[in-house]
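The structure appears right after this line, and notes come after that.
Everything quoted here is computed from the prediction, not taken from an experiment.
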Amino acid sequence: PPSALQTQSDSFDIEPLLCPSEPYTCGDGCKCLHMLSLPFNRVVRLVLVNIGRETHPIHLHGHSFFVVATGYGEYDSVTGFLVRSTNTLTCRPDENDFNTVDEQMCTTVNWRTGLEPDTTVDAFTPRKDTVIVPGGGYVAIQFI
């Protein structure tokens, strides 16, 4: 966008910048904005999954969030390379369905049975505006 969306969104037409209504249908190399309309004053929880090998920083402009869970992939103790993504969650619609793999987009996240993290927010829950999502891992954040 030509200017900051939060402070100057009414100074230009945002519609041409938005992605198609179906996510990931704009083809290779598309550059568009994925915008979510969220209800006012509601708790929102997002699970940020990194299916790559490198860590990835995430920053939320104008807001802070609670880090309610973090999961790591399995790393080789000698080389330090990622061997396998986290086993805590799956990017499959059904954790027992090994024929459907959604690893390119990971739009459907499910906690594996018995491995659901405790996502209680209390006085000790870290509050941040930037978090590093580990390679092969995830970070679950919550905000209002």
Side-chain angles (χ1 to χ4, degrees), residues 1-95 100-144:
S3 59
L5 285 175
Q6 285 184 315
T7 59
Q8 300 166 339
S9 61
D10 56 349
S11 66
F12 60 91
D13 183 15
I14 193 171
E15 288 299 318
L17 302 173
L18 297 176
C19 296
S21 60
E22 283 295 313
Y24 307 104
T25 58
C26 55
D28 287 339
C30 71
K31 292 182 170 66
C32 55
L33 298 174
H34 292 277
M35 185 182 297
L36 299 173
S37 294
L38 302 172
F40 177 71
N41 211 21
R42 298 288 292 276
V43 173
V44 176
R45 182 172 296 149
L46 299 174
V47 179
L48 309 168
V49 179
N50 184 350
I51 60 175
R53 296 182 180 275
E54 303 294 323
T55 60
H56 188 82
I58 299 292
H59 176 70
L60 187 61
H61 289 270
H63 301 280
S64 60
F65 50 82
F66 292 102
V67 178
V68 295
T70 304
Y72 299 90
E74 180 183 329
Y75 293 85
D76 184 287
S77 62
V78 175
T79 65
F81 291 123
L82 179 67
V83 176
R84 186 174 306 117
S85 292
T86 180
N87 69 348
T88 308
L89 54 82
T90 178
C91 289
R92 297 177 179 93
D94 176 355
E95 73 172 84
T100 305
V101 179
D102 187 17
E103 291 182 0
Q104 290 299 312
M105 297 178 277
C106 201
T107 56
T108 304
V109 173
N110 290 303
W111 303 111
R112 292 192 187 274
T113 304
L115 297 178
E116 300 90 351
D118 176 11
T119 56
T120 305
V121 174
D122 58 23
F124 301 104
T125 306
R127 189 172 195 152
K128 299 179 170 279
D129 68 355
T130 303
V131 68
I132 301 295
V133 183
Y138 69 89
V139 174
I141 64 172
Q142 180 173 304
F143 57 92
I144 298 176

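- The two residues Asp76 and Val83 come nearest to each other via the heavy atoms N-CG2, 3.4 Å.
- Taking the salt bridge (charged side-chain N to carboxylate O under 4.0 Å, His left out) definition, one finds that Arg42 meets it with nothing, sequence neighbours left out.
- Taking CD1 of Ile58 as the start and CD1 of Ile141 as the end, the distance is 8.0 Å to the nearest 0.5 Å.
- His59 places a side-chain N or O within 3.5 Å of a backbone atom of Asp129 that can act as its donor or acceptor partner.
- Closest approach of Gly80 to Tyr75, counting heavy atoms only: O-CD2, 3.4 Å.
- Under a 3.5 Å cut-off, the side chain of Arg53 and the backbone N or O of Leu82 do form a donor-acceptor pair.
- Taking all atoms of both residues into account, the shortest heavy-atom contact from Asn50 to Pro134 is CB-O, 3.3 Å.
- Using a 3.5 Å distance cut-off with no hydrogens or angles, the side chains of Asp122 and Thr120 do not pair a donor with an acceptor.
- Scanning both residues, Tyr138 and Val133, for their nearest heavy atoms gives CA-CG1, 4.0 Å.
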Are Val131 and Phe65 close enough, and set up right, to give a side-chain contact (heavy atoms from CB on, under 4.5 Å), and what steps lead you there?
CA-CA 10 Å; Val131 68; Phe65 50 82; 3.9 Å; yes
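- Of the inter-residue distances, the one linking Leu48 atom CG with Thr70 atom OG1 reads 10.0 Å to the nearest 0.5 angstrom.
- The shortest non-hydrogen separation linking Val68 to Val121 is CG1-CG2, 3.7 Å.
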Trace of the side-chain contact (heavy atoms from CB on, under 4.5 Å) decision for Thr119 with Phe66
CA-CA 10 Å; Thr119 56; Phe66 292 102; over 6 Å; no
